[in-house]
Amino acid sequence: MSIPDLANRGKILSPSMTLAIDSKAKAMKAEGIDVCSFSAGEPDFDTPPHIKEAAAEALKSGFTKYTPSSGLPELRQAIAEKFKADNGVDYKPSQVIVSSGAKHSCFNAIFAAIQEGDEVIIPAPYWLSYPEMVKLAGGEAYIIQTKEENGFKLTPDELREAISPKSKMLVLNTPGNPTGAVYTRDELEQLVEVALEDDLLILSDEIYEKLVYDDAKHHSIASFSREAYEHTITINGFSKSYAMTGWRLGYMAASETITKTIDAMQSHMTSNATSFAQKGAIAALRGPQTAVEEMLAEFKKRRHYMFERISAIEGLTAVKPEGAFYMLVNISKSGLTSTDFATRLLEKAKVATVPGIAFGDDKYIRLSYATSMEIIGDGLERLDEFVQGLK
Ligand code: PMP
Ligand code: GLU
């Protein structure tokens, strides 16, 4: 007797390196090792109290049953109102689907739209889960390497060149992980124009929308025109804006045809996101937004400090992010691959970072500044010493 082989689908996947490194750093800490972790993109702040209270209250009062698969009507209503107020997009509550994290929402969208023979255009450096999701759906990721001198932004010419008869979808993530790039309205409009010439679907991942610095502004593609609206699947969630990573709550919105299909899919896969967590999400959207502003102010200070400190390290250059909470550091002068650099840095200096290769660019490592100033100060001191020791 032998155990049957598993499906090919899973065998072609790589596990999430951001989550793997984060778990490793957390395990080292639990063993008492003094690690400075810049690994996962997870706000170090606690979820604001009024959100926790709303969920705890719901749990205490027995709000522990199934909700409609696509989410509580009241939450979908609150999300539709948020889209109108913050993004200038008209979605009816029926066009909104609440899922177990924005990662789940992205997966739903890709799985519903992509099949064998389809190509999905993804600008690199990219958030590492997009290409894996495309593979799982049976499609192929077509990676476009963006340039540091263009601020890691895809240009209309690069997009035009990449489009083939197989192209089905374009993934845009602004503010971007891991680049921190924020596209201007004009830049997005030009890309959308090219994408629409070939009727591509656009997956617009806007999970970092609240985290923009200086003069950068977030723009939602679905607000541009009727055509853009119909071709776009907008993704957002609660993890980053409200420090709710462990709650597993995200959402997507799109045209009725797309949402209907995803609604059916989700009803067979996970059903609803956790009932009482959804009550917390209503409080997040309807309650005071001061915590978001406070987090942003803190991230801004850290970003400034991190950029200045890394720029002063001989042998490294940092790319100043306009949004999100990540910084790409160019390590190419070290002569090491990003995996070697990050592994040695963790082993020798006990500093956890993510190698750029995980995001499709080996010249960089990614540091998240969603961690305390103290850890940033200590960690960058160690990084400096480590780099000087490489010479
Ligand atoms: N999109 C991007 C660009 C991300 O960085 C992440 C990781 N947090 C997600 C989606 C998924 O977030 P979550 O599943 O925690 O809502
Ligand atoms: N998105 C975050 C990151 O890039 C969290 C980990 C993950 O979901 O990939 O670090």
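One-based numbering, in listed order, for ligands and for the atoms of each.
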Could you tell me if the ring centre of [X] sits under 6.0 Å from that of [Y]?
X	Y	answer
Y369	F307	no
Y364	F341	no
Y251	F83	yes
Y326	Y208	yes

Below 4.0 Å from any atom of ligand 1, is there a heavy atom belonging to [X]?
X	value
Y130	yes
I207	yes
E42	no
Y208	yes

Examine ligand 2 and decide if any of its atoms is less than 4.0 Å from a heavy atom belonging to [X].
X	answer
M17	no
S129	no
R366	yes

What atoms of ligand 1 come closer than 4.0 angstrom to any heavy atom of [X]?
X	result
R248	13 (P), 14 (O), 15 (O)
S239	13 (P), 15 (O), 16 (O)
K240	7 (C), 8 (N)
G101	14 (O), 16 (O)
N173	3 (C)

Margin query: Using a plain distance cutoff, I'd like to know if N177 has any nitrogen or oxygen under 3.5 Å from a nitrogen or oxygen of ligand 2.
Written below: yes
Which of the atoms of ligand 2 are close to [X], meaning less than 4.0 Å from one of its heavy atoms?
X	answer
Y326	2 (C), 3 (C), 4 (O), 10 (O)
K240	1 (N), 2 (C)
K103	7 (C), 8 (O), 9 (O)
S16	9 (O)

Next item on the list: Just need the protein heavy atom nearest to atom 1 (N) of ligand 2, so name the residue and atom and give the distance.
Entry: W127 NE1, 3.3 Å
Checklist line | Shortest protein heavy-atom distance from atom 9 (O) of ligand 2, along with the residue and atom involved | finding: T18 OG1, 2.7 Å
Check: In Å, rounded to the nearest 0.5 Å, how long is the span from NZ of K11 to CG of D5?
Finding: 3.5 Å
Check: What distance separates T337 OG1 from K363 NZ, expressed to the nearest 0.5 Å?
Finding: 13.0 Å
Checklist line | Check: G250 N/O within less than 3.5 Å of ligand 1 N/O | finding: no
Note to self: Tell me whether H104 has any N or O atom under 3.5 angstrom from an N or O of ligand 1.
What the structure shows: no
Note to self: Counting only heavy atoms, tell me which of S368, G41, A20 gets closest to atom 5 (C) of ligand 2.
What the structure shows: G41
Next item on the list: Indicate yes or no: at least one non-hydrogen side-chain atom of R185 is less than 4.5 angstrom from one of F224.
Entry: yes
Check: So, do S105 and I97 sit near enough that their side-chain heavy atoms are less than 4.5 Å apart?
Finding: no
Notebook entry, point to check: Taking N236 as the fixed residue, which of E206, K210, E209 is the one that meets the side chain to side chain donor-acceptor pair (under 3.5 Å) rule?
Noted result: E209
Next item on the list: Give the contacting part of D22 toward ligand 2: side chain, backbone, both or neither, where contact means a heavy-atom distance below 4.0 Å.
Entry: neither
Check: Under 4.0 Å from ligand 2, counting heavy atoms only, is it the side chain of T245, its backbone, both or neither?
Finding: neither
